[in-house]
S.K.: 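I'd like to ask you about the structure that follows.
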Amino acid sequence: AVVERCKRRRPGPVYEEDQVPSYELPDPLRGSDGSVVDSPQAWRRRRQEILDLFRTHVYGHRPPGDDPRTRRRFDVVEEDPSAMDGAATLRRVVVRSERADNERPTRTHQFEVTVFLPNAAADPVPVFLLLNIAGPENTDPTRERTSSIWPAEEAVARGYGIAALQVRDLAPDDPARFREGIIQLVEGDLDERPPDAWKALAAWGWGASRAMDYFETDPRVDHTKVAVLGHSRGGKAALWAGAEDERFALVISNESGCGGAALSRRRFGETVAAINRRFPHWFCDNFRRYDDAEHALPVDQHMLIALIAPRAVYVASADEDLWADPRGEFLSLAHASSVYGLWGHSTIGPDDMPPLDTPLRVGPRGYHIRSGDHSLTEVDWNHYMDFADTLWR
Ligand code: GTR
């Protein structure tokens, strides 16, 4: 009875379209000084402004990858040219960072990137990089265990390279321990962190950029065709990685929901307050200011999609995954259209949401809503690879 009474006091999540509050989205093309962006050149300045707003209010500021106080090395700790019965070359690459500040003991950090490259390819190949949020068994380099989350054999058969990192190696997915990775390497044991300091999502995306640093050194990888991809919390990190690092040619969000592709102002399913309460280690502290005050955000998530423009982006939803707000995920893509329009790409309108299991492709943008629940499946991957085929082949 006590539980019942507590429950009733806090209104439950919104799962009905007619309960979505009315809202007005910030215009990605209108600068803070009132100027209107009308060209790709003018967008550069507005883009920087939006990026800084997301850093300050949502994801926090991450450090540059080339800080002179940090030495970085890529060590190929295993190379198997006859992996997958000869179809692929396996490379396990350890990204090692060593930080030497004056007066402080040297700190080290390392994480692994697993890469399979198709042996049949004569030219450098495009690569899909998964930010793996689940256990490392999903991306098993021995291939004793396989998973639909990372269909390495299928990717290789289609001529793609496929790679993965474990997000927990960059920042444990734990409010008490998230600093025990790359954040500690950079900051040491700072007690007071500023309210716009980076946390786990930004740290995971930072790792994607270091994987990209490696791809740039691997002659068998076409680093101009790297897709960064994640599911759910990994999808949030992938979108932010693609915003922070313009070297990613394609960004794929699988059911990333609140703080990912879904518009915050809709308050459908998971809200800003709900996500900050359960996951205080994902976004910077400033994001809490918008708990139950989404209207005050200087950005919304359509502007995160816009930061990827004019590069390729694919957003995917699942119809039973209401917590992630499928329609809100689609609308972010649609409302980024004005920015894609600067390069002459057609508009995706709010009414263009495609039927179930029918991918939509408009220029460099893709979307599907799969029937089923919150997961990353073979069906999703097939749509991503089909989309990449149309972009790159
Ligand atoms: C949920 C969380 C979502 C999403 C999901 C996941 O509990 O509320 O934002 O990130 O976890 O990562 O599977």
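For the single chain, residues carry numbers from 1 onward in sequence order. Read the numbers this way: they start at 1 and go in the same order the structure lists the ligands and their atoms.
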S.K.: Parallel under 30°, tilted from 30 to 60°, perpendicular over 60°: which one fits the rings of H374 and H231?
M.R.: tilted

S.K.: Of all residues at least two apart in sequence or in a different chain, which pass the salt bridge (Lys or Arg N to Asp or Glu O under 4.0 Å) check with E153?
M.R.: R143

S.K.: Does at least one non-hydrogen atom of E255 fall below 4.0 angstrom from an atom of ligand 1?
M.R.: no

S.K.: Sequence neighbours left out, what passes ring-ring contact (aromatic ring centres under 6.0 Å, His included) with F74? Give chain and number order.
M.R.: Y214

S.K.: Which class fits the ring pair H281 and F178: parallel under 30°, tilted 30 to 60°, perpendicular over 60°?
M.R.: tilted

S.K.: Taking 4.0 angstrom as the limit and counting only heavy atoms of I275, give me the atoms of ligand 1 inside it, by number and element.
M.R.: 9 (O)

S.K.: Among all protein heavy atoms in this structure, tell me which lies nearest to atom 9 (O) of ligand 1, with the distance rounded to 0.1 Å.
M.R.: E270 OE1, 2.6 Å

S.K.: What protein heavy atom lies closest to atom 7 (O) of ligand 1? Include the residue and the distance to one decimal.
M.R.: R278 NH2, 3.0 Å

S.K.: Does the side chain of D196 come under 3.5 Å of the side chain of T56 through a donor N or O and an acceptor N or O?
M.R.: no

S.K.: Counting non-hydrogen protein atoms only, what is the nearest one to atom 6 (C) of ligand 1? Give residue, atom name and distance.
M.R.: S232 OG, 2.4 Å

S.K.: In ligand 1, which numbered atoms sit nearer than 4.0 Å to a non-hydrogen atom of F279?
M.R.: 2 (C), 7 (O), 8 (O)

S.K.: Using 4.0 Å as the upper bound for N to carboxylate O, is an ion pair formed by D386 and R158?
M.R.: yes

S.K.: Any nitrogen or oxygen of W282, main chain or side chain, under 3.5 Å from a nitrogen or oxygen of ligand 1?
M.R.: no

S.K.: Do me a favour and list the nearest non-hydrogen protein atom to atom 11 (O) of ligand 1 with residue, atom name and distance?
M.R.: R233 NH2, 2.9 Å

S.K.: Below 4.0 Å from any atom of ligand 1, is there a heavy atom belonging to K236?
M.R.: yes

S.K.: Over 60° means perpendicular and under 30° means parallel, so tell me whether W150 and F116 are parallel, tilted or perpendicular.
M.R.: tilted

S.K.: Has ligand 1 got any nitrogen or oxygen that is less than 3.5 angstrom from a nitrogen or oxygen of H231?
M.R.: no

